[in-house]
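Here the structure comes first, spelled out in structure tokens, and everything after it is commentary.
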Amino acid sequence: MKVYISGKMGGIPEGRIAKRFEEAANYLRNEGFVPVNPAVMLNNPGLEYDDYIKIDLKMLSICDAIYLLRGWENSPGSKEELKFAIATDKKIILEE
């Protein structure tokens, strides 16, 4: 099962984002899932917020589930991703 990782990125140092998302990817991998990590797209000069959301939703579209990291509710992007996941009947998994 492919699982898209969703969480707050805005206002967080890039290194912390990459580490948090990679830890989530490792956890999902250890649980037998195939993680899809949008944080690999960080640090692409010229890409705007709207570009990232379009890419993220494309990534999410190929997944079976969304994994919401703690604090996702403070992220406009995660809220949009959750809305898309619900509309496309994805499984919702919350980080414990």
Side-chain angles (χ1 to χ4, degrees):
M1 177 188 304
K2 294 181 292 268
V3 181
Y4 178 86
I5 302 166
S6 179
K8 182 172 174 53
M9 292 188 188
I12 299 173
E14 200 171 294
R16 277 191 36 214
I17 295 168
K19 183 179 181 199
R20 181 154 162 68
F21 276 68
E22 188 55 35
E23 287 171 352
N26 288 335
Y27 167 76
L28 291 168
R29 205 174 285 111
N30 289 337
E31 294 295 311
F33 299 113
V34 176
V36 176
N37 183 354
V40 300
M41 290 297 301
L42 291 174
N43 197 19
N44 279 294
L47 291 180
E48 304 293 330
Y49 177 82
D50 288 342
D51 299 322
Y52 282 111
I53 287 295
K54 288 175 187 174
I55 293 165
D56 292 346
L57 293 179
K58 288 287 187 187
M59 293 171 80
L60 176 55
S61 73
I62 66 154
C63 293
D64 307 294
I66 185 170
Y67 182 68
L68 295 163
L69 298 175
R70 282 185 301 279
W72 69 268
E73 54 279 309
N74 299 316
S75 167
S78 290
K79 289 178 184 177
E80 196 167 333
E81 291 163 353
L82 176 59
K83 184 178 175 182
F84 179 85
I86 291 168
T88 56
D89 201 30
K90 309 287 185 199
K91 181 177 180 174
I92 312 300
I93 305 169
L94 297 173
E95 181 182 37
E96 294 179 6

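In this chain, numbering begins with 1 at the start of the sequence shown. Computed from a predicted structure; not experimentally measured.
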So, using side chain to side chain donor-acceptor pair (under 3.5 Å) as the criterion, who are the partners of S75 when residues are at least two apart?
S78
I55: which residues meet the side chain to side chain contact (heavy atoms under 4.5 Å, CB included) condition with it, sequence neighbours left out?
M41, L47, M59
What residues form a side chain to side chain contact (heavy atoms under 4.5 Å, CB included) with I86, not counting sequence neighbours?
L82, I92
Who passes side chain to side chain donor-acceptor pair (under 3.5 Å) against N26, sequence neighbours left out?
R29
Kindly say whether Y4 contributes a backbone atom to a donor-acceptor pair with the side chain of K2 at under 3.5 angstrom?
no
Sequence neighbours left out, what passes side chain to side chain donor-acceptor pair (under 3.5 Å) with Y67? Give chain and number order.
none
Of all pairs that satisfy salt bridge (charged side-chain N to carboxylate O under 4.0 Å, His left out), the ones with a partner from residues 87-96, not counting sequence neighbours
R20-E95, R70-E95
So which pairs with a foot in residues 39-68 pass salt bridge (charged side-chain N to carboxylate O under 4.0 Å, His left out), sequence neighbours left out?
none
Which salt bridge (charged side-chain N to carboxylate O under 4.0 Å, His left out) pairs, counting each pair once, include a residue from residues 74-85, with sequence neighbours left out?
none
Establish whether F33 and L60 are linked, either directly or via other cluster members, by ILVMFWY side-chain heavy-atom contacts under 4.5 Å.
no
W72, I66: one ILVMFWY side-chain cluster at the under-4.5 Å cut-off?
yes
Looking at side-chain heavy atoms only, is the closest gap between L68 and S6 below 4.5 Å?
yes
